[in-house]
Each structure stands twice: as structure tokens, then as C-alpha cells.
Amino acid sequence: MVSLTDLFLVSLLVPTSLGSALPPRIDTIDQRGGRVTLKQVRNPRGHKAFNPARATYRTFLKYGVPAPDYIKKAVAHIDEEQEEAFARIKRDTGSAAAIPINEVDIAYVTPVTIGTPPQTLMLDLDTGSSDLWVFSSLTPSNQVRGQEIYSPTKSSTSKLLSGHTWSIRYGDGSGSRGTVYTDNFTIGGLEVKSQAVQAALEVSSSFTQEQSLDGLVGLGFSALNTVRPSSQLTFFDNARPNLDEEVFTADLKYHATGSYDFGFIDSKKYAGNITYTAVQQSPGYWTHSLSGYSVGSGAFHASQISGISDTGTTLLYLPTAIVTAYYRQVQGAQNSQYYGGYVFPCSSTLPTFTFGIEGARFTIPASYINYTRISPTSTTCYGGLQSSSGLGINIFGDVALKAAFVVFSGTNPPRIGFAIKPLAS
């Protein structure tokens, strides 16, 4: 799941063999044997506004936890403020084009191809789930709002996986479900034949609202896959025999294009050594521990903080005591039920936040935590660090993952590694 909407970065993958099946060439892929680099560009299907409370709301849904009423109300409050701001700008300028786009990094979606001939969809690479599901020709038309769909009947290589279904339930009681096909599936020239593709018969309204997203590529462990009666292997697990190394890496960036690498570790993207820590893969997440934290120039507090490294979640969610300690250092900060989390005057000076991986330290710049304005004209900003209270698990989302070069190693036993890299501020 999934932190989604508004302004997206797209890993636009353009292998020359696909010709006109993909969107126009905007960037290139580095592909050599059992390794591939997926470079990101901005998605032209993005929206003008990002509601930060909705990011928190969807995180609750993704992890199967009912969202508190105050967060639901906060989503509505911010939607209303944004609409009022847009109307005011349009009234004052006479043009909707004058409305500024909210410069935030929301989620990362990747054009993929499915079937023969190839059908192109934009999917989210999500280490916090293990299902590869898509909007399809089987999805009711009233649940499709601008998304591209996969049509298994238009692919000569699609095969129905007879008797198999999938179902995902969310914290608000809604869900997505469907049937299962196997088909050729390609990301950036890295092809898996007979990949399980979960075609949606029903999608949650939260996904219907996301016109920029056509489905998910789960990069968690296959044990978390929801296909029944037999769970299916993820794309990464199926691709591993064809990779030079059983690994993928995430080099996510702040307000800039980043990349994913499959099959190798690019030493040019980090400095020093990679520090690895053990992964607890039950029930299927990339779960591991931080070794502690510090706020600004303060002392490092050693403690084991277990959580999930999740590229499909936007913000960083940590225990309330840590979050409270951080915002005590921010003038005017308050935990606002009205806005659904910690907010502060946009003019306030924020400290950095440092987390530990074993004996290594990684610092999140203050600008990453000053996440976004409530609306384009607001002087109140929403924090990229929020409390995990109520979620039941800490989540190391993109706000944290952008601060390091991250290695997801599928070795036995699996492990996750972090390395220092140059950071924008």
C-alpha cells in the first residue's frame, strides 16, 4: 500500500524492443544481462494537490487498521481548504493554470508491459505488499476512472489460473479482489514469463480515485501474497534466477528523479560501506530494527525500534515518544486532530533526525520532514514524521528511505542494507 496521488514520479522504462507499445521515450534504461536500472521521471498524469492527511489515512487502510475518526475528518478539512485556495487563486488570476502544483514526492510508479502484444500500465513498486494486481477489463466501469486496464483476452500468452482468486481487505472494510492469470510481465526489459497477474474484479474506492495508478507490484516476500488456494511468487522471486545477484536497490530522491536497480549494487550511488541488518520476514514484510535515534545535534538514544521498510508508504511513522521529542524542538508545532497529525508554521526551523542501522548513522535532512503545506496558500505545514500509535507497527516510509541508499537482499537469510549517499537539502 500505499501512499499515492497528486504529483507522481514515474520510473519510465523504455526497452527498445517494445517500440510503440510504451509511452514516448523520456529517459533510458541501463540494461546489461541480469541487471537493470529503472530511472524515474515525473508523471504527467499527476494532480495539483496532495492531501497529507489522506496519506496517513491510506497507511491505516493498507495495514488493515481502522483509521480513527479524527483522521477521516482531517482528510475532509484539508480537501475543503485546498478547494477554497484553488478557487481563490483562480478568482484572483482568472486562470486555473495559475494554481501551483504541490511539490511533494508522493509515490513511485513504473510503466510495465503485460502480455502479447504488450499492454502498458503504470504500477507502484511497493515493498510493503506482495500482490501484483491490476485494473482489468473485468473491473466494473464505474470503478475505473482514467486508469489503463489489462485485458487478458487481448493477450495470446495469457492463461487463466483456474480456481484461483485473490482478495485484500482494508482497514475501512473495503477491499480489492479478483481472478488470476499468468502472462508475460516485463519491467525495463527484465521479463518474467508466466507471472501471476491478479486481475481486479473489484477495487477499493481509494484506488478508483487514483487516476495515476493502474495497480501494484508487490516486492515483499511471497508468503504475504493473497492468492488462494495457492499463493503465488512475486515478480522479484520469479526474476531472481535471471539476475546477476539476488538483490534490488532503491535510490529514492528528494524532489528529484531516483532509481531502482535489479540484480546488482551500483557502487557509484553510495559512499563508504553498506551496513546490513537482519530481516524478520514473517508474515512477509521487510521488517527490521533501527538501533536508535537522535534529534538534531542531541545525544543518540540507543534502542531497538522494529518496523517495516516500505517504499509504498509516503511518511515515516515512529513511536509517539520519539515523535513528541522531535516536535518539542519545533517552534509552534502541535499534534492537530483537525489536520490529522503534527503540523507547524512553515517558517519554523526544523532539526534533522538521525536513525541507526546497527552501528551506522543516517541523517534525514530537516527539509524532508517539512513535508508539505496544507494547501498551496497555507502558512501551516504537515510533518513527514508522524506517530505510529494506532497502526500497531512502525513504518519506515519514503521520508526515511530517501535519506539512504537501500539494499533489499533476497539471500538466505534475507537482509536489508543501508549506505550513505549524497543528499539534497
Is it the case that over 12 heavy atoms from other parts of the model lie below 6.0 angstrom from the NZ atom of Lys73?
no
Go through the side-chain N and O atoms of Glu246 and Thr411 and say whether any donor and acceptor fall under 3.5 Å apart.
no
Would you name the heavy atoms of Ile265 and Ile274 that are closest together and state the gap between them?
CG2-CD1, 3.8 Å
Heavy-atom pair with the smallest gap, counting every atom of Ile78 and Ile374:
CG2-O, 3.6 Å
When you measure from the side chain of Arg373 to the backbone N and O of Ser378, does any donor-acceptor pair fall under 3.5 Å?
yes
Take atom CD of Glu202 as the centre, draw a 6.0 Å sphere, and report whether it contains more than 12 heavy atoms from other residues, nucleotides or ligands.
yes
Closest heavy-atom pair and its distance - Thr249, Phe264:
CG2-O, 3.9 Å
Keeping the roles fixed (side chain from Gln386, backbone from Tyr342), state whether a donor-acceptor pair exists under 3.5 Å.
yes
Would you indicate whether Asn142, at its atom CG, is surrounded by more than 12 heavy atoms from other residues, nucleotides or ligands within a distance under 6.0 Å?
yes
Which pairs with one or both residues in residues 53-75 pass ring-ring contact (aromatic ring centres under 6.0 Å, His included), sequence neighbours excluded?
Tyr63-Tyr285
On the 0 to 90° scale, with breaks at 30° and 60°, tag the Phe408-Phe248 ring pair as parallel, tilted or perpendicular.
parallel
When rounded to the nearest 0.5 Å, the distance separating CG of Asn225 from CH2 of Trp166 is 10.5 Å
Qualifying residue for side-chain hydrogen bond (donor to acceptor under 3.5 Å, both in side chains) with Ser387, from Thr320, Thr56, Thr324, Asn394
Thr320
Name the one of Arg58, Arg145, Gln147 that satisfies side-chain hydrogen bond (donor to acceptor under 3.5 Å, both in side chains) with Glu210?
Arg58
Any idea how Phe262 and Phe235 line up, ring-wise: parallel (<30°), tilted (30 to 60°), or perpendicular (>60°)?
perpendicular
To the nearest 0.5 angstrom, please state how far the CG atom of Leu219 sits from the CG atom of Leu224.
12.0 Å
No-hydrogen, no-angle side-chain donor-acceptor test under 3.5 Å, Thr37 and Asp261
yes
Ring centres under 6.0 Å, that's the criterion: do Phe355 and Phe362 meet it?
yes
Tell me, please, which residues at least two apart from Thr179 pass side-chain contact (heavy atoms from CB on, under 4.5 Å).
Leu138, Leu160, Tyr181, Ala199
At their closest point, which heavy atom of Ser306 faces which heavy atom of Ile393, and how far apart are they?
O-CD1, 4.4 Å
